[in-house]
Amino acid sequence: MSRVVLLKRLFLVLLFLLSLEVVYSADFYVSPSGSDNNPGSREKPFAGMERTMLAVQNFFSENTTGNCTVWLDNGKYTLSNPIVLSSADLDISAGKLVFKALPGAKPVITGGVKISGWEKLPEGMWKAKIPEMPVSGYSFRELFVNSQPAVRARFPNTGYLRVKKVGDDRRTHFFFAEGDFPVPEKVGQTELVLLHDWSISRIPVKEIDASESRLTAVDSIGARSPAFFNLDHWEPHPRYFLENDLRFLDEDYEWYFDREKETVYIKLPEALNPEDQEITFPVSEGLIILKGSEDRRIANIHFQGITFEHSAWEIPGKGYCGVQACHFDPRPDKGSWAVVPAAVHAEWADNCSFEGCSFKNLGGSGLWLGKGSRNCSVLNSSFENISGNGIMIGEGRDREINGEKWWKAAPRQAAVGNTIENCNITTCGRQFYGAVGIWCGLTAETTIRNNEIADLPYTGISVGWMWSPEPTPCRNNTIERNHIHHIMQTLSDGGGIYMLGLQPGSTISGNRIHDVRLNVGRAESNGMFLDEGTTDVVVSNNLIYAIAKSPLRFHRATVNLVENNYLFCGGDNPPIRYNNTKEDDIKKVNNKVFSEAD
């Protein structure tokens, strides 16, 4: 080969190499023992997440195709406000941003503040002034002792009271039996918790008239819409209890917060000194927000091995009156339903993920892959002690675009292609009992696979948000090989899996559902409840046993296929219950039905 030819080839190779876009990468290190004056290196890490985010933004402002890893060391990273990762500030169009635990480390992003300065009172009681009140009149709803939730002082301590008689308007007040409960010292700080069939109301008490045995709330008890949320619609004597008064504080690990004095009271075993315990209350309303827009999405952000803990959410001043799955009346406003927010919330997010993460002790819901989220995943993660829903995907039907519902005007905006796999979801709905382990609204191509979901007051998995077979973006959703058990423990009219609406191409297969033992309220609880409008769904190869009522129930459903399922029935319960559903519309093929002792 001549020297000229060789030089030409070398020149062409050089031109090719120069034409390639150089991919830059950066690693930033964070440690509670670091300093925000440090450069963020392994030897000299940053201390806080806010300083770290400035470094991340600066990197991506110069390297839009670069890769950046933020390494978190062992310890707690305390927030007073959520970290916002916005596509307006971060252009990660071709690279990726990873927040990752150092090998062997267990970093915790927390919105909690430790309480100290405890003063001892008689009979194992202690009190302390609350530090760092976010705003005047702030009233936190949760307290944790060594990362375990303490009990907000309530009466009765277990079980429920029963309404003696509802008031004439069936909404704002009711009568109780004389001596049912001790009249609170500070009625205006007491909360009424009343259970409906599949939801609850949490609402401040306005007045208790002991002479007439009448309790009046600050507003309507029960959601205004739908209109049937009257106090006695489901039961003539519904269940209720009262929370947050000093007179109710009578058991160890109960607590009470006096909002006027900004003082918390707690009862502990005599051997415990609260100064030696990690007693925490949440301050930050949310922890992480991934915020994009339809024309500029937030993309390629990943979290690995991180714990998210202690996020606050205060109910509206006129109460939380639930409708379903943590949707509630938007008081004092009117209009579409509001939603209990999540500690970690994404909108218009593409290819974002949470792997090996833990979500716990959260005051609202856990994780919400919301509006327009696409191809995001939640893998090998745990969710526990969460006040609302565990995981949420997509949105409901109420948002409007130029006066038209979004799912009609712009069905492309649906959440598509998201996955929840190999997760453990327990003890959700700790405050808002109508919560579910996994909720999906009008979503498409959602995969919910190989998760264990247990110990819930209401439903395990809920998919769909249209109570008719009207076409929506819902399609090709897959619920498979999940283990769902010990659910429906407080409310009724749900099941291990709840589905509704037109769902072409959707399947529920290979799931194991059991121990739906309780059936409180008026309506049934089932292994699966396929509710209004459920259409074009295949229910196959599921194992359902130890159910209080029928393993399967259809209500106002249309054409669906049920095949190769193993259904165990107790008592005289049929394997499939048909409520306002044509039995012939449910095609049944090769199902095995067994009888089991009650």
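Below, all heavy atoms of this structure are taken into account, side chains as well, without hydrogens, waters or symmetry copies. Heads up: numbering here begins at 1 and tracks the sequence.
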Enquirer: Go through the steps for D27 and K100 under the test salt bridge (charged side-chain N to carboxylate O under 4.0 Å, His left out), then give the verdict.
Expert: CA-CA 11 Å; D27 292 85; K100 190 172 184 178; over 6 Å; no

Enquirer: Spell out, as yes or no, whether a donor-acceptor pair under 3.5 Å connects the side chain of D276 to the backbone of P274.
Expert: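 It does not hold such a pair.
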
Enquirer: Where do N422 and L379 land on the side chain to side chain contact (heavy atoms under 4.5 Å, CB included) test, with the steps shown first?
Expert: CA-CA 6 Å; N422 295 327; L379 308 173; over 6 Å; no

Enquirer: Quick one: pull up CG in L90 and CD1 in I301 and give me the separation to the nearest 0.5 Å.
Expert: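 Reported value, rounded in 0.5 Å steps: 6.0 Å.
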
Enquirer: Measure from the side-chain N and O atoms of N146 to the backbone N and O of E278, and report whether any donor-acceptor pair falls under 3.5 Å.
Expert: yes

Enquirer: Taking atom types as modelled, find out whether Q431 and R152 have a side-chain donor-acceptor pair closer than 3.5 angstrom.
Expert: no

Enquirer: Can you tell me if N244 uses its side chain to pair, donor with acceptor, with the backbone of E191 under 3.5 Å?
Expert: no

Enquirer: With no hydrogens and no angle check, do the side chains of N476 and E445 hold a donor and an acceptor under 3.5 Å apart?
Expert: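 Note: N476 and E445 side chains miss the donor-acceptor criterion.
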
Enquirer: Please lay out, stage by stage, how R412 and E294 fare under the test salt bridge (charged side-chain N to carboxylate O under 4.0 Å, His left out).
Expert: CA-CA 10 Å; R412 66 183 183 279; E294 186 173 15; 2.8 Å; yes

Enquirer: Under 4.5 Å between any side-chain heavy atoms of R430 and P149, yes or no?
Expert: yes

Enquirer: Going by side-chain contact (heavy atoms from CB on, under 4.5 Å), V344 matches just one of L367, I83, I289, L362. Which one?
Expert: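 That would be L367; it is the only one of L367, I83, I289, L362 passing the side-chain contact (heavy atoms from CB on, under 4.5 Å) with V344.
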
Enquirer: Establish, from distance only, whether the side-chain atoms of H310 and E142 form a donor-acceptor pair under 3.5 Å.
Expert: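 Checked: H310/E142 side chains show no N/O donor-acceptor pair below 3.5 Å.
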
Enquirer: Examine the side chains of T459 and S462 and answer whether a donor and an acceptor come within less than 3.5 Å of each other.
Expert: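 Side-chain D/A pair, T459 to S462: absent.
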
Enquirer: Any chance you could measure T190, atom OG1, to I203, atom CD1, to the nearest 0.5 Å?
Expert: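 Answer rounded to 0.5 Å: 13.5 Å.
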
Enquirer: With a sphere of 6.0 Å drawn around NZ of K44, does it hold more than 12 non-hydrogen atoms of other residues, nucleotides or ligands?
Expert: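 No, NZ of K44 has 12 or fewer neighbouring heavy atoms, counting only those of other groups under 6.0 Å.
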
Enquirer: Would you name the heavy atoms of R141 and W255 that are closest together and state the gap between them?
Expert: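 Taking every non-hydrogen atom into account, O-CZ2, 3.3 Å.
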
Enquirer: If you define the side chain from C-beta out and look only at heavy atoms, does anything of F144 sit under 4.5 Å from N385?
Expert: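 A side-chain contact under 4.5 Å is absent here.
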
Enquirer: So, N511 and N482: side-chain donor and acceptor under 3.5 Å apart, yes or no?
Expert: yes

Enquirer: Kindly check if the number of other-residue, nucleotide or ligand heavy atoms within 6.0 Å of NZ (K405) is above 12?
Expert: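 Yes - once you tally the heavy atoms of other residues, nucleotides and ligands closer than 6.0 Å, there are more than 12.
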
Enquirer: Please check if the side chain of S201 supplies one atom and the backbone of C321 the other of a donor-acceptor pair under 3.5 Å.
Expert: no

Enquirer: Quick one, K106 and T307 - any side-chain contact, counting heavy atoms below 4.5 Å?
Expert: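 They are not in contact (no side-chain heavy atoms under 4.5 Å apart), so the answer is no.
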
Enquirer: State whether the side chain of Y77 and the backbone N or O of V30 hold a donor-acceptor pair below 3.5 Å, judged by distance alone.
Expert: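 Yes.
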
Enquirer: Nearest 0.5 Å, please: how far is CD1 in I497 from CD1 in I487?
Expert: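 CD1 of I497 is found 9.5 Å from CD1 of I487.
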
Enquirer: Compare every heavy atom of G75 with every heavy atom of P32, then report the nearest pair and how far apart it is.
Expert: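 Scanning both residues, the minimum pair turns out to be CG-CA, 3.8 Å.
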
Enquirer: Applying side chain to side chain contact (heavy atoms under 4.5 Å, CB included), run through R51 and L54 and close with a yes or a no.
Expert: CA-CA 5 Å; R51 174 65 184 89; L54 287 176; 4.0 Å; yes

Enquirer: Would a distance-only check, ignoring hydrogens and angles, find a side-chain to backbone donor-acceptor pair under 3.5 Å from W407 to R397?
Expert: yes

Enquirer: Is it true that a side-chain atom of N477 and a backbone atom of T446 form a donor plus acceptor pair closer than 3.5 Å?
Expert: yes

Enquirer: Looking at every non-hydrogen atom in both residues, tell me the closest pair between E309 and N361 and how far apart they are.
Expert: OE2-ND2, 2.8 Å

Enquirer: Do F328 and P316 make a side-chain contact, defined as non-hydrogen atoms from C-beta onward lying under 4.5 Å apart?
Expert: yes

Enquirer: Using 0.5 Å steps for rounding, measure from the OG1 atom of T426 to the CD1 atom of I453.
Expert: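 Going from the OG1 atom of T426 to the CD1 atom of I453 covers 10.5 Å.
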
Enquirer: Can you confirm whether more than 12 heavy atoms, excluding those of R42, are under 6.0 Å from its CZ atom?
Expert: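 At most 12 heavy atoms, drawn from other residues, nucleotides or ligands, come within 6.0 Å of this atom.
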
Enquirer: Taking the side chain as C-beta and beyond, is there a heavy-atom pair between V70 and L97 under 4.5 Å?
Expert: yes

Enquirer: Give a yes or no on whether the backbone of Q503 and the side-chain of S506 come within a donor-acceptor separation of less than 3.5 Å.
Expert: yes

Enquirer: Assess the residue pair Y320 and W313 against the criterion (side chain to side chain contact (heavy atoms under 4.5 Å, CB included)); give the C-alpha distance rounded to whole Å, side-chain angles, the decisive distance to 0.1 Å, and a yes or no.
Expert: CA-CA 11 Å; Y320 166 90; W313 184 64; 4.1 Å; yes

Enquirer: Could you grab the distance from atom SG of C68 to atom CD1 of I92, nearest 0.5 Å is fine?
Expert: 8.0 Å

Enquirer: Taking C-beta and beyond as the side chain, do W465 and Q324 meet within less than 4.5 Å on heavy atoms?
Expert: yes

Enquirer: Can you tell me how far the CG atom of L72 sits from the CD1 atom of I306, to the nearest 0.5 Å?
Expert: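 Here the interatomic distance stands at 5.0 Å.
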
Enquirer: Answer whether the closest heavy-atom distance between the side chains of W126 and I266 falls below 4.5 Å.
Expert: yes

Enquirer: Please report the closest heavy-atom contact between G464 and C474, naming both atoms and the distance.
Expert: CA-SG, 4.3 Å

Enquirer: Might you confirm whether atom NZ of K261 has over 12 heavy atoms from other residues, nucleotides or ligands at distances under 6.0 Å?
Expert: no

Enquirer: Output, in order, the C-alpha distance, side-chain angles, deciding distance and verdict of side chain to side chain contact (heavy atoms under 4.5 Å, CB included) for D91 and F60.
Expert: CA-CA 6 Å; D91 183 1; F60 280 109; 5.8 Å; no

Enquirer: Would you call the rings of F308 and F354 parallel, tilted or perpendicular, where under 30° means parallel and over 60° means perpendicular?
Expert: perpendicular

Enquirer: With distance as the sole criterion, is a donor-acceptor pair present between the side chains of D398 and W337 under 3.5 Å?
Expert: no

Enquirer: Considering only heavy atoms from C-beta outward, does the side chain of S381 approach that of F383 to under 4.5 Å?
Expert: yes

Enquirer: So, W439 versus F432, ring centres under 6.0 angstrom or not?
Expert: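 No: the rings miss the under 6.0 Å criterion.
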
Enquirer: So does S373 get a backbone contact from the side chain of N418, meaning a donor-acceptor N/O pair under 3.5 Å?
Expert: yes

Enquirer: For R449 and E421, run salt bridge (charged side-chain N to carboxylate O under 4.0 Å, His left out): C-alpha distance rounded to whole Å, both residues' side-chain angles, the deciding distance at 0.1 Å, then the answer.
Expert: CA-CA 5 Å; R449 177 189 294 128; E421 189 167 5; 3.5 Å; yes

Enquirer: Considering non-hydrogen atoms only, spot the tightest contact between A101 and A105 and give its length.
Expert: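 Heavy atoms of A101 and A105 come nearest at CB-O, 3.8 Å.
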
Enquirer: Just wondering, are more than 12 heavy atoms of other shown residues or ligands nearer than 6.0 Å to NZ in K371?
Expert: yes

Enquirer: Got a donor-acceptor contact below 3.5 angstrom from the D36 side chain to the G48 backbone?
Expert: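 Here the side-chain-to-backbone pair exists.
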
Enquirer: Kindly give the heavy-atom pair with the smallest separation between G286 and S284, and that separation in Å.
Expert: O-OG, 2.5 Å

